[in-house]
Amino acid sequence: MSAALPLVLAGPIVRLAYDKVVWFWVATSKKVVGIEPEFFSFDSSSSRKKDGEKLLLGPHHERRVGAHFYGNADFEHASLGKNLFVSMRAARPPEKKSFPTDTIIGYNLELTFEENNGSTFKKKITDLVSGISYSNYKVPTFTIAASPGVIAQCSCRRPGADGEDASTALDFYISIMQFIPKRRPASLFLTGDQIYADDVARSLFEATRKLSVDLMGYDEYMPRSPDSSGKIKFEQPAGNIVFHTGGNPNFPRTNMWRHKLRFGTRRTNGQDTGFTTQDGEGHLLTFGEFAAMYILVWNPELAKKYGVEKNLRNKDSQGDKNLRGFIKGIAAMRRVLANVPTYMTFDDHEVTDDWNISKKWLKNTDNLYARRIIANGLAAYWAFQGWGNTPDYQDPPNPRLAVLGIIESHLRKQLKSNGKLYRFNDRDYGKPMLAYHEWSYLAPSEPPVVVTDLRTERHHDRYKPSHLTRAAFDKLVFPKKGRPLVIVVASPLLNWKPMLTLRAADMLINGKRVDVEYGDLWDDVEGGRAQFIDWIVREAKPRSLVSLSGDVHYSHITKGTAVGTMGISGSEKWRLPLVQITCSPTKNQAAALNKKLVGVVSRANLAEELFDTAGTSAGFANHSTYVRIKYDALKFKGKLGHETIIQKNQICVMDFSKKDRVFAKFIGPKGSASAEIKLT
């Protein structure tokens with residue numbers, strides 16, 4: 001099977017892009033030793049204005065980190081498996097010149113592949129990948145905005161969930177706006193849960209397993225923690241620890257698999273990962289499985305070849321029936337990623353449900369088995385999402401460069417040992433990957449966007465929990481002061497108040513509560529939220545704050561004001577207008593809401609009639625500053641939502657071109673809804 005893998009496994013993806021540099025990302029089945037970009041300029045009528053000269057690229061600076069060779073400053077590559085290679089290439093204009101802005105820029109990439117015998121051959125990306133250009137363009141295109149303009153946002157794309165993939169709606173929107181530089185998105189932000197590693201439909205899981213082995217050239221052996229004697233043991237290869245049919249009533253239950261077994265599960269032999277996911281029978285374990293999942297949701301041809309939509313079951317299949325038609329969404333997403341500079345971040349499902357949610361979770365997952373799974377998820381995230389956010393490496397000891405060495409070294413030894421000799425490499429792989437926290441960054445979009453890491457940087461203090469530590473905040477880079485600040489936080493800073501009320505009622509009825517260190521919403525850490533907003537006011541000094549979020553599987557826009565005072569009753573120190581734009585899901589509609597009281601009310605769209613959409617919040621940011629927040633949900637125009645909430649699959653397109661205003665349009669396969677937001 002591996003011999004028939006296409007040369008291009010995923011991509012091309014336009015990544016970090018502004019007037020001084022554009023980076024391209026591509027995953028291939030053969031090693032790429034060079035990528036040469038060429039560019040074309042188009043006028044507004046879509047006819048080619050000129051072929052354009054091939055842009056001169058910057059000087060190639062060789063460098064080494066320890067004994068590991070990383071090539072030149074404008075071409076980066078990683079060997080991740082026998083048939084899996086990821087490459088990044090920068091294009092830079094001649095010195096003292098810039099890429100044109102507010103213009104349609106077409107591009108092609110010539111890839112130089114290396115055979116096992118050392119010989120090379122060249123292929124253009126447009127000859128290798130079909131369906132990645134719009135209309136009568138013969139090549140993919142993108143635009144770089146000169147000033148604040150149009151950006152898009154989406155999150156929560158679970159193939160096995162209900163509804164049509166909203167990627168098709170964004171693809172259609174771009175096709176309509178493709179000739180108008182100031183109307184088509186100049187940036188796309190994927191704000192979390194681009195894959196669901198813990199919740200995989202059966203047919204997709206089987207395809208992932210097959211592709212994983214074809215990519216890596218082996219099946220990874222999964223380790224187990226030491227037994228009572230201190231001796232480290234190991235599992236069978238990952239493919240042998242799948243229970244294939246029907247479920248097994250005698251199967252030992254662990255914290256990872258608490259629910260009734262359905263299509264089968266991972267055979268843990270009593271090994272307790274400590275994970276909390278309720279859908280663990282299809283949980284990804286190996287690096288190859290995580291990598292295969294990214295490729296299958298970005299490559300329609302491979303999804304078809306590996307049977308993602310074949311042999312679908314309607315029962316006991318964890319979402320199999322919802323895979324029908326998903327390949328259409330995969331093709332749409334692939335074209336979008338090839339035509340819009342894209343910035344990415346994780347939430348929890350790129351690794352596992354509830355990842356790092358609490359101190360108790362961290363304690364329960366402090367074992368060799370869990371660390372290997374988490375490290376594999378993080379390594380795959382790095383290769384397929386994180387790397388392209390910050391590809392401009394600097395001189396060592398830059399930690400972003402070091403983590404690539406950790407991943408490549410581990411996977412190289414795995415390949416050499418056929419997946420098993422290196423199974424106990426916790427010190428050199430598991431622990432370093434979990435200790436790596438350089439995931440936040442500033443995207444050079446227009447407007448610039450600060451992207452935060454709310455998973456590895458959490459602070460689990462019983463008295464002052466927060467989703468972001470002060471040390472993590474101090475590493476954030478902010479754009480020019482005095483302008484509206486746009487920031488990505490995976491979980492909404494200001495949530496939709498009726499759902500908070502329903503959540504509280506549901507927990508009361510079922511005798512549950514959210515402990516101060518267990519909540520996954522900012523509303524569960526109000527002191528941490530107050531501290532976070534106070535930090536932003538003091539460090540970034542913005543006129544207003546626009547928060548972009550996903551996570552919750554419903555969309556809304558919430559507007560409010562935060563006021564910091566000297567103590568609870570003292571004088572006002574500062575005042576900040578807040579806007580929360582939540583866009584979720586791309587494909588996961590209502591899945592998290594259809595439970596008991598919450599499900600009944602939300603499915604009937606009764607929440608707005610029963611509960612007020614306005615809310616308040618208060619808490620100490622520090623010993624002297626008290627922060628009060630008042631907010632309310634805005635009403636949508638259009639039929640996609642129900643006044644102030646959208647539960648259907650959709651993607652948000654936002655226009656920041658008007659000063660102190662944002663026009664937000666939510667588009668989905670079933671319609672659209674919009675709202676204009678004042679930032680003052």
Can you name the closest pair of heavy atoms from Ala10 and Ile295 and give their distance?
CB-CG1, 4.4 Å
Look at the side chain of Arg183 and the backbone N and O of Pro181, then say whether any donor-acceptor pair between them is shorter than 3.5 Å.
no
Distance col, row Tyr134:OH vs Ile132:CD1, nearest 0.5 angstrom, shows 11.0 Å
For the pair Gln385 (side chain) and Tyr381 (backbone), establish whether a donor and an acceptor sit closer than 3.5 Å, ignoring hydrogens and angles.
no
Leu454 side chain reached by Asn356 side chain, heavy atoms, under 4.5 Å
no
Does the Ser674 side chain pair with the main chain of Ala664, one donor and one acceptor, at a distance under 3.5 Å?
no
The single option from Asp354, Asp193, Asp520 passing salt bridge (charged side-chain N to carboxylate O under 4.0 Å, His left out) against Arg455
Asp520
Closest approach of Val14 to Ala338 (non-hydrogen atoms, all atoms of both residues)
CG2-O, 3.4 Å
Determine whether Glu309 and Lys304 satisfy the following criterion, salt bridge (charged side-chain N to carboxylate O under 4.0 Å, His left out), listing intermediate values before the conclusion.
CA-CA 7 Å; Glu309 289 192 26; Lys304 183 176 181 180; over 6 Å; no
Starting from the C-alpha separation in whole Å, work towards a yes-or-no answer on side chain to side chain contact (heavy atoms under 4.5 Å, CB included) for Phe85 and His77.
CA-CA 7 Å; Phe85 305 87; His77 60 89; over 6 Å; no
Result for ring-ring contact (aromatic ring centres under 6.0 Å, His included) between Trp25 and one of Tyr343, Phe384, Trp387, Tyr294 points to Phe384
Residue pair Arg89 / Pro37: nearest heavy atoms and the distance that separates them
CG-CG, 4.1 Å
Looking at Gln153 and Ser549, would you say the former's side chain and the latter's main chain have a donor-acceptor pair under 3.5 Å?
yes
Got a donor-acceptor contact below 3.5 angstrom from the Arg184 side chain to the Gln178 backbone?
yes
How far does NE2 of His556 sit from CG of Leu634, to the nearest 0.5 angstrom?
11.0 Å
Test item: Gln650 side-chain N/O and Leu640 main-chain N/O as donor-acceptor pair under 3.5 Å:
no
dist Ile677:CD1 -> Phe656:CZ (nearest 0.5 Å) comes out at 7.5 Å
Per the side-chain hydrogen bond (donor to acceptor under 3.5 Å, both in side chains) rule, which among Thr352, Asp198, Asp353, Asp199 passes with His283?
Thr352
Name of the residue among Pro185, Pro12, Pro140 meeting side chain to side chain contact (heavy atoms under 4.5 Å, CB included) with Asn339
Pro140
dist Leu170:CG -> Ile667:CD1 (nearest 0.5 Å) comes out at 5.0 Å
With side chain to side chain contact (heavy atoms under 4.5 Å, CB included) as the criterion, how do Val552 and Leu521 come out once you've worked through the C-alpha distance, each side chain's angles and the decisive distance to 0.1 Å?
CA-CA 9 Å; Val552 291; Leu521 303 179; 4.2 Å; yes
Whether over 12 other heavy atoms sit under 6.0 Å from Lys30 NZ:
yes
Please assess Arg335 against Asp171 for the test salt bridge (charged side-chain N to carboxylate O under 4.0 Å, His left out), listing each intermediate value before the final yes or no.
CA-CA 7 Å; Arg335 185 158 66 162; Asp171 182 53; 2.9 Å; yes
Thr345 and Asp453, any side-chain heavy atoms less than 4.5 Å apart:
no
Are the side chains of Ser155 and Thr582 in contact, using a 4.5 Å heavy-atom criterion?
no
When the ring planes of Phe24 and Tyr107 are compared, do they come out parallel, tilted or perpendicular, using 30° and 60° as the limits?
tilted
Do Asp165 and Arg157 meet the salt-bridge criterion of a basic N to acidic O distance under 4.0 Å?
yes
Please report the shortest heavy-atom distance between Val86 and Ala27, naming the atom on each side.
CG2-CB, 4.2 Å
Checking side-chain polar atoms at under 3.5 Å, does Thr101 have a donor or acceptor matched by the opposite partner on Asp19?
no
Side chain to side chain contact (heavy atoms under 4.5 Å, CB included) test vs Tyr196 passes for just one of Lys587, Met293, Glu350, His349, namely His349
Please name the pair of heavy atoms, one in Leu404 and one in Ala78, separated by the smallest distance, quoted to 0.1 Å.
CD1-CB, 3.7 Å
In Å and rounded to the nearest 0.5 Å, what is the OG to CG distance from Ser445 to Leu16?
9.5 Å
Is a donor on one side and an acceptor on the other found under 3.5 Å between the side chain of Glu76 and the backbone of Met88?
no
Sidechain-backbone polar pair: Asn83 side chain, Asp214 backbone, donor-acceptor under 3.5 Å:
yes
Got a donor-acceptor contact below 3.5 angstrom from the Asn649 side chain to the Asn588 backbone?
yes
Working to the nearest 0.5 angstrom, can you tell me the gap between Ile105 CD1 and Thr143 OG1?
6.5 Å
Ser547 and Gln580: side-chain donor and acceptor closer than 3.5 Å?
yes
Flag, side chain of Lys210 to backbone of Gly307, donor-acceptor distance under 3.5 Å
no
Take Arg334 and Glu301 through the salt bridge (charged side-chain N to carboxylate O under 4.0 Å, His left out) test and state the conclusion after the steps.
CA-CA 11 Å; Arg334 185 176 210 179; Glu301 287 79 17; 3.2 Å; yes
Walk me through it: do Lys637 and Glu676 pass the test salt bridge (charged side-chain N to carboxylate O under 4.0 Å, His left out)?
CA-CA 9 Å; Lys637 295 179 180 179; Glu676 188 168 15; over 6 Å; no
Test Phe666 against every option in Tyr173, Phe636, Tyr554 by the ring-ring contact (aromatic ring centres under 6.0 Å, His included) rule and name the one that passes.
Phe636
Please report the closest heavy-atom contact between Ser657 and Asp655, naming both atoms and the distance.
OG-OD1, 2.7 Å
